[in-house]
Amino acid sequence: MIKRIILIGFLFFKINLIFSQKIYLYPEKGFKRIDLILPKVKNPEKYKVEIKFGTELELSECSEIKNINISFENLKRKKGFDYHYYVLDIEGVIFQKANLLQTDKKCKSNKTLRKKLLSFGELFIDYENNVSIPFFIPENLTLEYRLWKMDSDFESLK
């Protein structure tokens, strides 16, 4: 009998916890969910994950733009039910229109190309190979990542 009361109390607590938090199981309008699943590696504590966001734009062949301006201050790490997830606020995505308009004056080409542009900010997160890491980002962006491995200790200069 006591076990049933404890079990019912525990279930009530968990259900209350689920409904009292704003948990993003599905993306809000204008967002998409991307689950970052990292490959298994030995010694995961020696790795960091660099995150960048990208988009493809149709630009003039003469355009000099190489990256987009995304404020990582608007990328929030939030606590879900039993995991963490990241949300990139839509207002954090700022395309520098002045840079998009800059073209090489000497270039006479009228061709347009699809160019992949990456964010120039740097964001590093801890390597987690046990779980997928959910990201909720604007629909027009992609998530790009690369792994960084620490191979040795710091060297001392005298």
- Note on the structure: Ser132 meets the side chain to side chain donor-acceptor pair (under 3.5 Å) criterion, sequence neighbours left out, with none
- Message: Can you list everything that forms a side chain to side chain donor-acceptor pair (under 3.5 Å) with Glu56? Sequence neighbours excluded, please.
- Response: Arg114
- Going through the checks in order, is the side chain to side chain contact (heavy atoms under 4.5 Å, CB included) test met by Thr142 and Lys116? CA-CA 10 Å; Thr142 60; Lys116 185 166 205 165; 4.1 Å; yes
- Could you tell me whether Lys40 atom NZ has more than 12 heavy atoms of other residues or ligands within 6.0 Å of it? yes
- Note on the structure: CD1 (Ile133) and CD1 (Ile37) are apart, to the nearest 0.5 Å, by 10.0 Å
- On a heavy-atom basis, the closest approach of Gly54 and Glu144 is N-CG, 4.3 Å
- Message: Give me the atom names and distance for the closest heavy-atom approach of Leu141 to Leu88.
- Response: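 Residues Leu141 and Leu88, closest heavy atoms: CD1-CD2, 3.8 Å.
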- Show your working on side chain to side chain contact (heavy atoms under 4.5 Å, CB included) between Leu75 and Val87 and close with a plain yes or no. CA-CA 6 Å; Leu75 181 68; Val87 177; 5.9 Å; no
Is the shortest heavy-atom distance from the side chain of [X] to the side chain of [Y] under 4.5 Å?
X	Y	answer
Leu123	Val49	no
Asp35	Arg33	yes
Tyr145	Ile125	no

- Message: Tell me whether Leu147 shares a hydrophobic cluster with Met150, the cluster being built from Ile, Leu, Val, Met, Phe, Trp, Tyr side chains joined at under 4.5 Å.
- Response: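 Leu147 and Met150: separate clusters.
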- What pairs of residues pass the side-chain hydrogen bond (donor to acceptor under 3.5 Å, both in side chains) test when at least one of them lies in residues 41-54, not counting sequence neighbours? Lys48-Asp126, Glu50-Arg146, Glu50-Trp148
- Partner set under side chain to side chain contact (heavy atoms under 4.5 Å, CB included) for Ile34, not counting sequence neighbours: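 So Ile34 forms a side chain to side chain contact (heavy atoms under 4.5 Å, CB included) with Lys32, Ile137, Leu143.
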- Message: Please evaluate residues Ile51 and Tyr86 with respect to the criterion side chain to side chain contact (heavy atoms under 4.5 Å, CB included), reporting the C-alpha separation (whole Å), side-chain torsions for both, the decisive distance (0.1 Å), and the verdict.
- Response: CA-CA 11 Å; Ile51 301 292; Tyr86 293 86; over 6 Å; no
- Item | Audit row: Tyr85, Phe135, ring pair (Phe, Tyr, Trp, His ring centres under 6.0 Å) steps and yes/no | CA-CA 6 Å; Tyr85 62 94; Phe135 282 81; 9.8 Å; no
